[in-house]
2 protein chains.
Amino acid sequence: PEKFKSLSPAEFFYRNREIAGFSNPARALYQTVRELVENALDATDCYGILPTIQVEISRESNEAPHYRVTVADNGIGIPPEHVPQAFGQVLYGSKYVLKQTRGMFGLGVKMAILYGQITTGKPVIVETVPYRSKYKYSFKILIDIEKNQPIVLERKVRKLKRRRHGTLVSVVVEGDWGRAKSRIIEYIKRTAMVAPYANIYFKDPDGNVHHYPRVIRKLPPPPKETKPHPHGVDIELLKTLISNIEANTLLEFLIKAFQSVGEKAAKEFLEFAKLDPNIKPSELSIDDLKYLAMKLKEFNGFKSPRGTSLSPLGEEIIEAGLKQILKPEFVVAVTRKPSAYSGHPFIVEVGIAYGGQIPPAETPYLYRFANKIPLLYDEKADVAWKVVTEEIDWRNYGVTFPAPLAILTHICSTKVPYKGVGKESVAEVPEVERELKNAIREAARKLKTYISKKMRELEAKKK
Amino acid sequence: PEKFKSLSPAEFFYRNREIAGFSNPARALYQTVRELVENALDATDCYGILPTIQVEISRESNEAPHYRVTVADNGIGIPPEHVPQAFGQVLYGSKYVLKQTRGMFGLGVKMAILYGQITTGKPVIVETVPYRSKYKYSFKILIDIEKNQPIVLERKVRKLKRRRHGTLVSVVVEGDWGRAKSRIIEYIKRTAMVAPYANIYFKDPDGNVHHYPRVIRKLPPPPKETKPHPHGVDIELLKTLISNIEANTLLEFLIKAFQSVGEKAAKEFLEFAKLDPNIKPSELSIDDLKYLAMKLKEFNGFKSPRGTSLSPLGEEIIEAGLKQILKPEFVVAVTRKPSAYSGHPFIVEVGIAYGGQIPPAETPYLYRFANKIPLLYDEKADVAWKVVTEEIDWRNYGVTFPAPLAILTHICSTKVPYKGVGKESVAEVPEVERELKNAIREAARKLKTYISKKMRELEAKKK
Ligand SMILES: Nc1ncnc2c1ncn2[C@@H]1O[C@H](COP(=O)(O)OP(=O)(O)OP(=O)(O)O)[C@@H](O)[C@H]1O
Ligand SMILES: Nc1ncnc2c1ncn2[C@@H]1O[C@H](COP(=O)(O)OP(=O)(O)OP(=O)(O)O)[C@@H](O)[C@H]1O
Ligand SMILES: [Mg+2]
Ligand SMILES: [Mg+2]
């Protein structure tokens with residue numbers, strides 16, 4: 001007889017933690033660091049705060065390979081009433097909105113805490129000073145895996161002597177610094193490369209301090225939450241929007257619910273779909289909703305999604321970042337206009353660096369980023385690798401391998417189509433693939449001009 | 001101010017369905033078919049029933065690309081009191097036990113139902129006759145996404161005229177038969193290839209019937225549920241075992257909780273760990289548990305995990321399958337002894353086919369299987385691809401590319417270390433990687449013997 005049971009989300013991700021990147025101690029140490037760093041950056045640069053982030057990994061025990069990972073930031077902090085669930089309940093967070101953020105699943109820090117809990121038994125330490133608060137709140141939290149809820153072991157409140165804001169998160173996990181070292185150092189380095197406005201300190205278990213000082217004081221404009229685009233609808237989303245939005249008529253509903261839908265576009269759409277503008281949205285049947293969803297996706301008269309919910313790096317930052325780490329002789333960057341897939345706005349940006357101190361290689365060096373996060377694993381499964389190695393004929397641009405060629409790709413979106421919850425590679429979404437190809441070609445044409453010019457100069461010198 | 005909220009598991013997987021393989025209509029149609037077929041096979045061959053499986057995909061609508069996917073089986077059926085949750089609650093199932101089954105997440109059929117619900121609005125139809133029941137139960141179910149619970153639209157009971165048992169599941173999803181066709185046909189073909197004891201009928205939207213008749217009447221012994229192996233412990237697992245198992249002493253607990261731990265091994269372990277055999281397990285502190293987990297993983301005196309919870313294909317089935325689809329001139333198969341990773345038993349099996357009707361190619365053709373499921377996507381991200389293309393020097397075995405070489409790999413385990421919930425590629429777990437390499441070398445040595453013999457015969461002919 002079959003034993004039926006249900007799992008809580010905490011139990012599910014505990015059993016299947018390799019799916020979230022916690023597949024062995026080295027990888028788990030890496031994932032722990034990045035989940036905490038990504039939360040710290042989301043709490044700062046998405047809010048117009050110049051980030052100061054301190055990362056420390058130290059050996060916690062001599063007998064066992066246990067490491068304490070601590071990340072402190074000067075971000076907006078967390079309201080104390082939300083701390084227990086934000087750290088103790090899987091699938092709980094503040095990033096379930098349509099805006100470009102690094103976080104998106106409500107799972108990341110809980111995976112690190114779970115992994116620490118099962119390998120070392122230690123609770124997470126959270127200290128937070130919410131923006132404008134006079135108090136610092138300190139917690140020690142474990143996760144009740146079966147119930148998927150927090151166990152608050154300790155909660156303290158202390159009045160601050162001087163005003164500040166931010167958060168510190170500290171966990172102890174089983175890890176393997178020897179194997180993880182190069183990737184963790186590279187992750188921090190590439191994070192800093194695309195965040196030159198951030199002050200990042202990283203102290204590692206060998207006692208070395210890696211410091212990436214702030215080099216510009218200008219923050220890119222923070223992304224703004226947006227409404228869904230009509231091309232992204234399905235029946236369930238329509239049901240949810242109808243029950244959450246006050247609208248007496250279908251016309252009013254369309255204008256209120258969606259981005260890119262003004263009164264004129266809404267009226268044109270209703271005519272196209274042959275729908276009565278005055279129907280009460282709550283009176284639509286499932287078949288009506290099915291029809292409405294189909295027509296909304298079909299209609300071409302809506303403006304394309306705008307980029308206000310996005311925060312691209314910009315060509316200046318990409319070129320400066322490539323110059324700094326690669327010391328190439330040529331560099332170019334391209335930031336494309338906003339595009340969309342399934343109603344989600346996205347922007348593709350590409351940088352190409354050539355020559356100089358880049359060692360020639362059989363394939364290009366690929367630096368992948370998504371929502372400003374460096375992606376270091378699963379390169380060959382990523383859509384960017386496919387485009388760079390299979391869809392671009394580099395000989396058309398004067399490049400023959402082995403060549404000193406490096407490519408940076410950045411995909412930013414209200415929803416990056418990751419292949420897995422570990423956020424290591426991006427899926428082959430056709431619209432994204434097409435934009436990557438176009439962006440690389442645009443940049444490669446400028447590389448071609450440079451290479452040809454250089455060839456002519458060499459020819460001229462010989463004569 | 002940040003908007004904090006929690007998501008139900010249904011909501012989480014609805015929003016992030018590309019992570020479960022539902023990334024575009026073609027891929028979603030494929031995933032829908034396979035989730036239903038894998039459930040049907042688990043309900044038959046794991047219970048000593050010779051499977052008869054009927055799969056039908058038909059075009060449901062002329063205006064929209066909607067397809068009805070129906071899979072019927074002669075399996076053990078589902079008890080009616082569990083049907084609503086089995087089909088209407090994400091993270092609910094009967095395969096959360098330590099035994100080799102195709103299913104493992106309690107998610108698969110719900111993803112197909114969710115996807116159908118959001119793209120076509122149609123509920124799932126489930127008809128089931130549990131083993132030995134006199135009644136057939138019919139349901140129509142939708143998923144309440146926000147609450148992650150079933151909405152039973154219809155439930156009927158009918159007395160059977162003649163005895164039988166099995167289940168029928170039918171959903172309507174948005175799909176793309178044109179793009180998905182070749183992969184779906186290949187999936188069914190490879191499923192039949194490793195299940196020659198199954199009768200499989202597949203009727204596609206073009207009206208074609210693909211029939212894979214039963215060719216052997218002998219079923220492999222069904223896998224048996226096992227207890228965890230001590231090398232797979234962590235602090236949380238110990239806590240759970242202690243609260244679920246009646247044991248007055250630590251000695252009794254060790255013997256009852258784990259596989260491969262008899263009285264002698266338990267006593268030797270307690271001596272090694274310097275622990276008192278008579279402690280009451282419920283009185284162990286978190287630090288005691290941490291120490292116990294560490295020592296259990298360290299101790300070498302436990303027998304390695306046994307293979308009773310596994311059900312390998314066997315060399316006969318692998319060779320027959322390769323011969324049937326490839327018509328090679330040479331074929332060999334190797335089934336390794338059971339091994340383990342993190343306390344989970346696993347067996348690696350490999351088949352090599354060479355020459356005959358296999359067209360020469362620059363890389364080997366790779367047929368990957370895990371727990372008898374054919375894996376058709378994400379080949380380059382799979383550990384098997386890495387081993388076959390990077391860790392074996394084929395010239396050592398007389399193979400130079402282009403070569404007419406095909407390799408079949410099968411990994412079976414109580415927990416296949418998939419990279420994602422869509423079950424398309426296997427992660428690089430060191431123990432599994434090592435076993436794959438050893439299995440391929442073992443088979444390749446026999447290929448080498450064959451190739452050398454053939455070369456000598458050719459040489460002899462020339463003289
Ligand atoms: N350093 C921090 N500063 C401010 N808020 C934080 C910080 N760390 C975590 N949080 C809050 O806790 C929530 C949960 O974090 P968690 O990493 O689990 O999920 P997420 O970042 O929303 O998504 P993801 O799973 O993709 O990382 C966040 O949404 C955020 O509101
Ligand atoms: N055709 C079937 N015959 C018998 N039981 C079935 C059938 N289909 C589904 N079930 C039952 O419903 C449960 C849920 O199925 P579901 O596919 O969601 O999860 P699973 O198969 O356990 O795991 P996975 O997510 O890996 O597929 C199964 O565990 C099984 O008990
Ligand atoms: Mg996060
Ligand atoms: Mg299943």
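Given the structure is predicted, the values throughout are model-derived calculations rather than measurements.
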Taking side chain as everything from C-beta outward and backbone as N, CA, C, O, which of these in [X] sits under 4.5 Å from a heavy atom of chain A? Side chain, backbone, both or neither.
X        : result
B:Pro130 : neither
B:Thr119 : backbone
B:Phe13  : side chain
B:Arg15  : both
B:Val429 : neither
B:Lys386 : neither

Against chain B, work out which of [options] has the most heavy-atom pairs shorter than 4.5 Å and name it.
options                           : answer
A:Ser94, A:Ala20, A:Gly21, A:Pro9 : A:Ser94
A:Ile286, A:Ile145, A:Thr120      : A:Thr120
A:Leu7, A:Ile235, A:Ile19         : A:Leu7

Inset, instruction - Would you please test A:Phe12 and B:Val90 for side chain to side chain contact (heavy atoms under 4.5 Å, CB included) and show each step? - result: CA-CA 11 Å; A:Phe12 177 80; B:Val90 170; over 6 Å; no
Counting only heavy atoms not in [X], do more than 12 sit closer than 6.0 Å to its [atom1] atom?
X        : atom1 : value
B:Lys295 : NZ    : yes
A:Lys224 : NZ    : no
B:Lys99  : NZ    : yes
A:Asn62  : CG    : no
B:Lys147 : NZ    : no

Inset, instruction - Find the one option among B:Gly106, B:Pro79, B:Gly420, B:Gly93 whose heavy-atom pairs under 4.5 Å with chain A are most numerous. - result: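 Ranked by contacts with chain A, first place is B:Gly93.
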Legend entry - chain A interface, residue from B:Met104, B:Glu225, B:Gln85, B:Lys95 that has the most non-hydrogen pairs under 4.5 Å: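 Of the candidates given, the most pairs with chain A belong to B:Glu225.
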As an exercise, state the distance from [atom1] of [X] to [atom2] of [Y], rounded to the nearest 0.5 Å.
X        : Y        : atom1 : atom2 : answer
B:Arg17  : A:Asp234 : CZ    : CG    : 5.5 Å
B:Glu11  : A:Tyr96  : CD    : OH    : 8.5 Å
A:Ser6   : B:Asn148 : OG    : CG    : 8.5 Å
A:Gln89  : B:Phe4   : CD    : CZ    : 12.0 Å
B:Asn16  : A:Tyr418 : CG    : OH    : 11.5 Å
B:Met294 : A:Glu63  : CE    : CD    : 6.5 Å

Region of [X] that comes under 4.5 Å of a non-hydrogen atom in chain B:
X        : value
A:Ala86  : side chain
A:Asn24  : neither
A:Leu237 : both
A:Pro430 : neither
A:Ser8   : backbone
A:Tyr377 : neither
A:Lys290 : side chain
A:Leu114 : neither

Inset, instruction - Write down the atom of A:Lys3, the atom of B:Val97, and the distance for their closest heavy-atom approach. - result: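 That closest heavy-atom pairing would be CD-CG1, 4.3 Å.
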Inset, instruction - Would you sort out whether B:Lys239 and A:Glu146 count as a side chain to side chain contact (heavy atoms under 4.5 Å, CB included), showing the intermediate values? - result: CA-CA 11 Å; B:Lys239 273 198 224 164; A:Glu146 198 186 338; over 6 Å; no
Inset, instruction - Without swapping roles, check the side chain of B:Lys380 against the backbone of A:Ala381 for a donor-acceptor pair under 3.5 Å. - result: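 Answer holds: no.
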Legend entry - Lys/Arg N to Asp/Glu carboxylate O, B:Arg27 vs A:Glu428, below 4.0 Å: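 Result for this pair is no, no salt bridge flagged.
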Legend entry - B:Glu424/A:Lys419 ion pair, N-O < 4.0 Å: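 So B:Glu424 does not pair with A:Lys419 through a salt bridge.
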